[in-house]
Every structure is written in structure tokens, then in C-alpha cells.
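None of the values given here were measured: they were computed from a predicted structure.
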Amino acid sequence: MISISMNKREKRKTTWWAALGVLPVLLPPAALQAQVVEEADTIRHGQELEDVVVRAASSTRSRGRVESVDIIGVGQLIRAACCNLGESFTTNPSVDVSYSDAATGARQIKLLGLSGTYVQMLTENLPNLRGASLPYSLGYVPGPWMQSIQVSKGASSVKNGYESTTGQINIEFLKPQGTDGVRANAYLDSELKQEVNVDGSVHLTDRLSTGTLLHFENRQTEHDGNGDGFMDMPRIRQYNLMHRWAYVSPAWISQLSVRVLRDERTGGQSAHHAGSLSEPLYQTSVRTNRYEAQWKNGFTLNTEHNTSLALMLHGSWHDADNTFGHTLYDVTQKNGYAQLMLETDLTDRHNLSVGASVNHDYFHERCSLPLPLLTHHRETTAGLYAQYTYKLGDRLTVMPGVRWDHSSLYGGFFTPRLHVKFMPWEALTLRASAGKGYRTPHALAENTSLLASGRTIVIDPDLQQEEAWNMGLSAGLHIPVAGKLLELNAEYYYTDFLHQMVICLDGAQGAHTLAFGNLQGQSYSHTFQVDATYPFFSGFTATGAFRLNDVRCTYDGELRQKYLTSRYKGLLTLSYKTPLELWQFDVTGQLNGGGELYDRTRYPAYFQLQAQVTREFPHFSLYLGGENLTNFRIDHPLQHAHAPWSAAFDATQIWGPVTGAMAYIGIRIKFEKI
């Protein structure tokens, strides 16, 4: 996964900086602390440190971890424009990304065939981007800020809480203790969207580092490709800033970061149609202010047994003002999270991790529905966990874990989880997992895009805590073929809901209604996926994947296919880098299977193609590419666009692209040790 190029003399002298630069991607703070202490012993002998070139592989499935984890490194992130987190999964077969509506441009992910609400989002192993921030969270993380992404499928570790049902997505940002220097990225596309990213870090001392990351995004054009009078994509302006500090010593690692975000999205009917309309323009507006602070500390207690203690704190304030026609919805969420974790190796084969956490959420919501809504509610959840790991070399790993949490709204509940990894021989890796996940549903805060319609909204006043089992099996095979290694993977996951918030449209509540209620019946998903990766020749690698989804839910007493969920997906990615690594060519094709709309009519399968060419220079690289090169788009993404103030108006049934082919150009600049 990580390749380090150096001569023999350099290998003895660069372990310290390599560990600091790349290990935070892979290890939690407690595990990282033990590793740093080991490497510190080398420094004490007075060796001179020299440069090291660290190259991260584009993508890999971790063979060492007991969980099934896909690691998306910088190499894969730069294979596409990757303007934000939502555009980072283009070449990943496991995660689907689509637009949730044709008014706000919000993107949502699906994992194991289910909505992103059941994926626990983490930033550097701390729960984040949840609740009110969920609808637009994929646009809050700039692509150039990310060092790597880890996608964990199925039941995840109990260390990070109880909310993971279908998996976890952990984002690792660029570290100030990494490369010393300045980097920049500028981007422009054919829809006149502009982006500028700048980040820089400085090593103040051998132990103290600081860094700043800046992001600006702007698109103010009113593009209406299908002529329905509505903008295909909203006007967007975003300011994003993060400042980080890192202190690394043999006995203590501390990382502090603060972040400020301002995001503005304005859409709806185009202004140049105003003269031909007898009614006022239907406008949408989302204005968000978000503030975050995060502090992580790791302490080494015993190097012989890798005993370490970690204290992690996170706080956020999210305020969003939403306007959809005459409907106003304002939400403020304040969140505080703290976790204390102790980890130790009892013996070479036995590891124990125990900890405690507390999470507090405060929501203030105000909505001008047919009956005005004004709510204040709080939830405090405190929990304890224990996780034991038995490891018989590389052959067998068994990791059972259990949590007990108490919610101020729902009382106490247990979260059991189990992971097993078995390697009968070196070429074959077998995994099995099972576990529960829980989640507190927030009807409007997590589904604001559904307000872009004329439907009457009905919310059950007694929504239950969501609860589901997830079970999975996977097999990975590495076979030598023609002197190269063929990687084959097959996996199956089953998710079964015991309690779930069900969103029913145009159902028993009446036509043109949107009802949030509790599950009455079955709700489940079956997902089967196979994929293969093979390097055909030096510099050229191909990955192919195919996935089948069977996702069903009970709506008004009838079990039916979940709407806006594709039955299958096919993916083929080709990447070629010339021998001198001056040119890189990337092509990705996606086949998205058909599915059902709200009224049971079916939408067809469609194919998308994207490509990018990158030219490397000593201190910068130029890239040129295109997305949706097949120029496929939905003919009528808005229902009753001619009557936006009627009950039949609907901008939420988006099953494919709303814009046609798009070209882009960009430049990446890098100056180290200025």
C-alpha cells in the first residue's frame, strides 16, 4: 500500500519522518503512539535525517486488517478532478454517489445499496458530518485536503460508536507533521465553476508543526440545458478554512484543528424567464455556517506491551437556513463528543481495547409547513465498550466487541459485533462479520432536499430509534498470472432492519404527501459484489467490478423494491502511466442499472464515461479531463416544472445525471521546503 523509495543508507535514517507522514492514515492515535516511541529510539543515537520519497498506492484493499477496508490513497484521488468528497468515489466500485435533487445540487452516497444515513462518517477516526450536516456533507470536504479515505463495509469496530450500520467512511486530512512546504490546486470547468485550494505546513521545531488549508469554490452561471426554465445546477459559493497544530514526542502526540465553513447555494427558476411568467419565481436557497474544533491526544504508558491511552474531543456548531419556494426550514445543531480509550497487548496474541464515550446533540428546528413547526430537542448518549483481539500470526484473527450505551431519549441498548479473518494459505483471505447498528433519525434535518416539492409533509411524532443487523462474508484471492498478481474479491452483505424510519411518498396518507413514519413490516438489503484488478504491463492497471442489489422496504403494508435504487452496477477503470511517469491516462466507465420511481414506473439503465490526462512537471502538474462523456442526462428531471407552485411539482426523483458532458482543466502546484 505504501511504497518508499530510498537507498540503503537512507533507510536507516528516515524511519521517523516516514512514520509521522504515513502512519496516521492507517492507525488510531493509541496505536500510532506506540509506533512513534519505537522509532524515537533510533533518533536518540544522533543519526542525521535525510529526505524520503513516499509514494502512496492509488487504492488497495487492506489484507492485514480483520475488517474489510478499501483504502483510497492520493494516487486514486488525483485520477479524477476530485473537487470534493462526493467526487472521490468515481473509481471505487463499492460506493455509489448521486444527486438527491435537481434544486440544490446536493450529493448523497449509498453503501451496500442503502442510503448514506446508515454510513458512519469519521474525520480522522472521530464521528463527524452527521445530523443536520448530512445532506450536503460530501461537498464540505475539499478533495485536495484529503490524504486518504478508508471505506469499511459492514459492521465496524465498536470503538467509534454504535451508529455504523452498513459501514464507515474515515477521512484523513493532510498532516502538518508531513511534508514541509506549500501546495495549490486551481480548477475550471465548462460550466464556469472555479475552485482554488491552497495548503501549507511549517515545522516550527523537531516536534511542533502547524498547517493551514484554504478552499474557495464559485459557480454563478444559470445553466438550463433542457429548457424547462429551471437551473440544472444551483449557483454555489463556498469558503472553507482549516488550521492545524501537531506536537509529536516519544511519549505524547497531540493534534489540534479548527475549521470554519460558509456554503451558499441558490437555485430554482432562471432569472431570464421572469418576464414570461405570471407568478413569482420559484427559488431555492441554502445558506450554511459551520464551525468545528477537534483535539486528539495519545500517551504511551508501556512500550513493551504497546500500552497507550488516547483522549479525543470534537465539537461542532452547524447552522443552515433553507428556502424551497414558500417553505422555510432553519436548523441549528450543536454537537459535543468525547472519547477515552485504553489499548494494550496482553501477550503477542492477545490485545484488549476498552473505552468510554459521550455524545451530546442539541437541535433547534423551525419550519413553515402547512402547520408551522418549532422544535427543540436534546439527546445525550454515554457508553462503554470493550474489544478483544486474538491474533494467530497472519493466519487467524478473531475480534469480538460489545458496547453498552444509554440515550436520554431511548434508554440503554447493547451493540454486539464480531469480525473474523482467516488465511488458510497466503493467497486466500476469508472474512466474516456480524453486528448491530443503531441510529437516531432526524426527519427533516437529514432530508432537507425532499422539501423541493409541493408535497404536504406528515411526520410521526413518535419516531423510534433505528436498529438493524448487518452480516457479511468476503473472500480475497491473489493469483500469480503471467508473472503478475491478479487480485480477485467477492463479497456478500445482508442488512435487516428491526426498526427504521420509512419515507413514504404519495402513499396511504394521500396523493402528493411526504410521510415520515416507523417501519411496519420488513426492510432489508442483499448485496453481492465481485471485482478484479490486474496490472497487464508496466504502468497499466485495469479494475473491473459488478454488483447486484436487492433492496426492499415495506410501504403502506406492501413489501416492494426501494425506489431510486439501482438493481446493479458495473465498473471498469483503466489507468496508464508512462515509464518516466511524465504522463498519466485514466478512463472510467460506469453502467448503472435501472430501478423504480415513486409511482412504480421504471427508469432505464445508463452508461457514463469519464477520462483524464495528466502531465507532470518538476513542481507542478496539468490535468485535463471530462465527465459524463456519453452526454447522458434525464430529459425531465423536474416533475411539473411548468407549475412549480402546485402540489404536483417535484424535484426529488433524480435517478441519473441532470447535466450533459462537462470538460475541465486544472493545475496542481507543489513547493516543498521553501
Mark yes when over 12 heavy atoms from residues, nucleotides or ligands other than W469 sit less than 6.0 Å from its CH2; otherwise mark no.
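Counting neighbours around CH2 of W469, more than 12 heavy atoms of other residues, nucleotides or ligands fall under 6.0 Å, so yes.
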Please check this pair: side chain of [X] against backbone of [Y], looking for a donor-acceptor N/O pair closer than 3.5 Å.
| X | Y | answer |
| --- | --- | --- |
| E195 | G666 | no |
| R439 | A468 | no |
| N218 | Q194 | no |
| Q238 | G139 | yes |
| Y438 | F414 | yes |
| Q177 | A246 | no |
| E292 | W317 | no |
| N518 | D462 | yes |
| S408 | T380 | yes |

For [X], check salt bridge (charged side-chain N to carboxylate O under 4.0 Å, His left out) against everything at least two apart and list the hits.
| X | result |
| --- | --- |
| K153 | D70, E491 |
| R130 | E163, D361 |
| D189 | none |

Beyond-backbone contact of [X] with [Y], side-chain heavy atoms, under 4.5 angstrom:
| X | Y | result |
| --- | --- | --- |
| N84 | H215 | no |
| Y136 | T104 | yes |
| L444 | C367 | yes |

Give the minimum heavy-atom separation between [X] and [Y], together with the two atoms involved.
| X | Y | result |
| --- | --- | --- |
| L77 | I72 | CD2-CG2, 3.8 Å |
| G154 | Y493 | CA-CE2, 3.8 Å |
| A320 | T288 | CB-OG1, 3.8 Å |
| G116 | L134 | O-CD1, 4.5 Å |

Under the rule for side chain to side chain contact (heavy atoms under 4.5 Å, CB included), what residues qualify as partners of [X], not counting sequence neighbours?
| X | answer |
| --- | --- |
| I78 | V74, R668 |
| S449 | S100, D101 |
| Y362 | K334, H360, H364, H376, R378 |

Report yes or no: do [X] and [Y] form a side-chain donor-acceptor pair below 3.5 Å?
| X | Y | value |
| --- | --- | --- |
| S164 | R417 | no |
| T212 | H243 | yes |
| Q150 | S148 | yes |

List for me each residue that meets ring-ring contact (aromatic ring centres under 6.0 Å, His included) alongside F516, sequence neighbours excluded, and say none if there are none.
none
Under the ring-ring contact (aromatic ring centres under 6.0 Å, His included) test, which residues partner H406, sequence neighbours left out?
none
Aromatic contact, F363 with H377 (centres under 6.0 Å):
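Yes, the ring centres sit under 6.0 Å apart.
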Less than 6.0 angstrom separating the ring centers of Y329 and F324, yes or no?
no
Would you mind listing every ring pair (Phe, Tyr, Trp, His ring centres under 6.0 Å) that reaches into residues 161-182, with sequence neighbours excluded?
Y162-F413
Qualifying ring pair (Phe, Tyr, Trp, His ring centres under 6.0 Å) pairs, either residue in residues 78-107, two or more places apart:
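Not a single pair qualifies under ring pair (Phe, Tyr, Trp, His ring centres under 6.0 Å).
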Decide side chain to side chain donor-acceptor pair (under 3.5 Å) for Y410 and E379; before the verdict, give the C-alpha distance in whole Å, the side-chain angles of both, and the deciding distance to 0.1 Å.
CA-CA 9 Å; Y410 302 105; E379 181 183 17; 5.9 Å; no
Going by the salt bridge (charged side-chain N to carboxylate O under 4.0 Å, His left out) test, which pairs reach into residues 312-322, not counting sequence neighbours?
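Salt bridge (charged side-chain N to carboxylate O under 4.0 Å, His left out) check on residues 312-322 returns no pairs.
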Would you mind listing every salt bridge (charged side-chain N to carboxylate O under 4.0 Å, His left out) that reaches into residues 131-152, with sequence neighbours excluded?
none
Quick one: CD on Q120 to OG on S156, what's the gap to the nearest 0.5 Å?
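It comes to 7.0 Å.
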Gap separating the CG atom of L451 from the CG atom of L328, nearest 0.5 angstrom:
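Here the interatomic distance stands at 10.5 Å.
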